[in-house]
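Reading through the structure tokens given below for one structure.
FYI, side chains are in, hydrogens and waters are out, and symmetry mates aren't considered; it's all heavy atoms of this structure. Chain naming here is simple, since letters A, B, ... match the order of the sequence lines and numbering starts at 1 in each.
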There are 2 protein chains.
Amino acid sequence: MPAPTVPTLPSAADAAADAAPAFSPLYQQIKGLIMRELQAGLWKPGEAIPSELDLAARFKVSQGTVRKAIDELAADNLLVRRQGKGTFVATHAEQQVQYRFLRLTADDGVTPDMERRLIDCSRLRAPAPVARALDCKSGDAVVLLRRLLLANAKPVVFDEIWLPGTLFKGLTAERLADYKGPMYGMFETEFGVRMIRAEEKIRAVAADAATADVLAVGEGTPLLSVERLSFTYGDKPVELRRGLYNTDHHFYRNALS
Amino acid sequence: MPAPTVPTLPSAADAAADAAPAFSPLYQQIKGLIMRELQAGLWKPGEAIPSELDLAARFKVSQGTVRKAIDELAADNLLVRRQGKGTFVATHAEQQVQYRFLRLTADDGVTPDMERRLIDCSRLRAPAPVARALDCKSGDAVVLLRRLLLANAKPVVFDEIWLPGTLFKGLTAERLADYKGPMYGMFETEFGVRMIRAEEKIRAVAADAATADVLAVGEGTPLLSVERLSFTYGDKPVELRRGLYNTDHHFYRNALS
DNA sequence: AAGTGGTCTAGACCACCTG
DNA sequence: AGGTGGTCTAGACCACTTA
């Protein structure tokens, strides 16, 4: 087969061909197609996707092109490659690191495994700031979760978690309490909502009376305020979370490069 | 030329062939060689390195193999690729983002350009914890810098910066005050010390009297404590820094994936 | 033994930048 | 026009896993 000059993928006719130049390398188009199938739920988290040769045949491109597309998806943590076995859809469940997004470390350097304790789970109308973050209308139904994370039976993190009500219909305190493993794992398997990436805004704040109480610290104690906005496919925000961390014996770690 | 079976780079005879298996793909060996030349200062920050074809010929491998090595170095932020121009040694100077490692953002979302104000610069003997972090002996000569970062003429960050005395011989308050551009840029051009990556530990603390004074906040105000350990080539620690951030109108941003 | 991802090659052409 | 990085292909072989 002769190599055509920058062949446009025939099956990948761009839907909304706007004013944008919108011409991208083949492997980017392949990446987009794979991402769409991921989003559509064609392959479930933890499952293997078709082999590189399969996909190459399917898309009528060379293995190398598929490889480059998958490489990028793996770099984005959407896929996980395992030599000899296959390429798998990334998941928050069944993961060696219990909490992929939690950057907390104990002073002695070990990442403690933490106990979860649900405080309450209520359904209410979204306050304006929450609605703005979650990209829905003020007053829309949302779920508010409040919970604690404890290390060695001592509370370290107090979380308030807002979720869009439409996506989490049957979410109740019981189901949360029953579920073993990370919460994001449950969101995947029970609600089909997969957290892809998140942005955090970190500040230092003083503990108010209520917070001081649940965290068992003095009122006014400096706490780390971690506001997290999590996104699923298509950069759609699906979780707003505010955590208050007691950093007396733990710290938030970050790597720069 | 016939393709030998997993050819070991002839010029890359491993120095300390320890008990370690130590057999790695060709492109990893190439990556190591390029890194060594970077470390040796063969190419200065901001300069172009030889073209891919040049390096391929030099190392007697195909362009694709060099390409993969360079791809990883670019992903590590050691090199910067520029299509049509060449591949360049990454630098903290001449950079669009003034402070590559500073994750501070104003509440309105803009990354403010900040004014630097040096408080003092002193040479002293390393306290034990500093020596431990910098991997030198307690009592060794170190430089201690203290400075402020201001946004709109208001102090936001108070930094205490420890540097190994041996690497920063001629560092004085005058030279610091005179230098325009980011401090890490000066470290590169004046002292040949290049910061490659860093690790940060973040906590919430209460402002003590002295800190409250320089940051113009009340004593006890919650501040973000950002402890940064920076590394140069070979994972050698070369800077310990502790910043105290006033997060009343700014936050520390972080991306998770 | 068969299947998967991982490495390596050689060659073609494209996109971008500079003289 | 000539150089640089960027994309794409086709084919070979290696390393790892499973049956």
[X] [atom1] to [N] [atom2], straight-line distance once rounded to whole Å:
X: B:Tyr27; N: D:dC14; atom1: OH; atom2: P; value: 18 Å
X: B:Asp71; N: D:dG6; atom1: CG; atom2: P; value: 7 Å
X: B:Gln63; N: D:dT9; atom1: CD; atom2: P; value: 17 Å
X: A:Gln29; N: D:dG6; atom1: CD; atom2: P; value: 19 Å
X: B:Leu79; N: D:dT4; atom1: CG; atom2: P; value: 16 Å
X: A:Glu52; N: D:dT9; atom1: CD; atom2: C1'; value: 15 Å
X: B:Asp54; N: D:dG5; atom1: CG; atom2: C1'; value: 13 Å
X: A:Ile30; N: D:dT7; atom1: CD1; atom2: C1'; value: 13 Å

Side-chain N,O ([X]) to OP1/OP2 ([N]) below 4.0 Å:
X: A:Thr87; N: C:dG5; result: yes
X: A:Lys85; N: D:dT18; result: yes
X: A:Thr65; N: D:dT7; result: no
X: A:Ser51; N: C:dT4; result: yes

**Asked** Do the rings of A:Tyr252 and A:Tyr245 sit parallel, tilted or perpendicular, given the 30° and 60° boundaries?
**Response** tilted
**Complete:** Sorted by position of nearest nucleotide on DNA chain C, 5' first, the leading residue of A:Gly84 and B:Lys68 is A:Gly84
Which nucleotide sits closest to the side chain of [X]: [options]?
X: A:Pro25; options: D:dC8, D:dG5, C:dG5; value: D:dC8
X: B:Leu26; options: C:dT9, D:dA15, C:dC8; value: C:dC8
X: A:Ser62; options: C:dT7, D:dC8, C:dT9; value: D:dC8
X: A:Arg81; options: C:dT7, D:dG6, C:dG5; value: C:dG5

**CZ/B:Arg175: more than 12 non-hydrogen atoms of other groups inside 6.0 Å** = yes
**Request:** Could you walk me through whether A:Phe187 and A:Phe168 pass ring pair (Phe, Tyr, Trp, His ring centres under 6.0 Å), step by step?
**Result:** CA-CA 8 Å; A:Phe187 290 174; A:Phe168 294 87; 4.8 Å; yes
**Message:** Quiz question: by atom type and distance under 3.5 Å, do the side chains of A:Tyr179 and A:Glu190 form a donor-acceptor pair?
**Reply:** no
**Request:** Please work out if A:Arg82 contacts a base, only the sugar-phosphate, or nothing of the nucleic acid, heavy-atom cut-off 4.0 Å.
**Result:** sugar-phosphate
**Asked** Charged N to carboxylate O below 4.0 Å: is that the case for B:Lys31 and B:Asp76?
**Response** yes
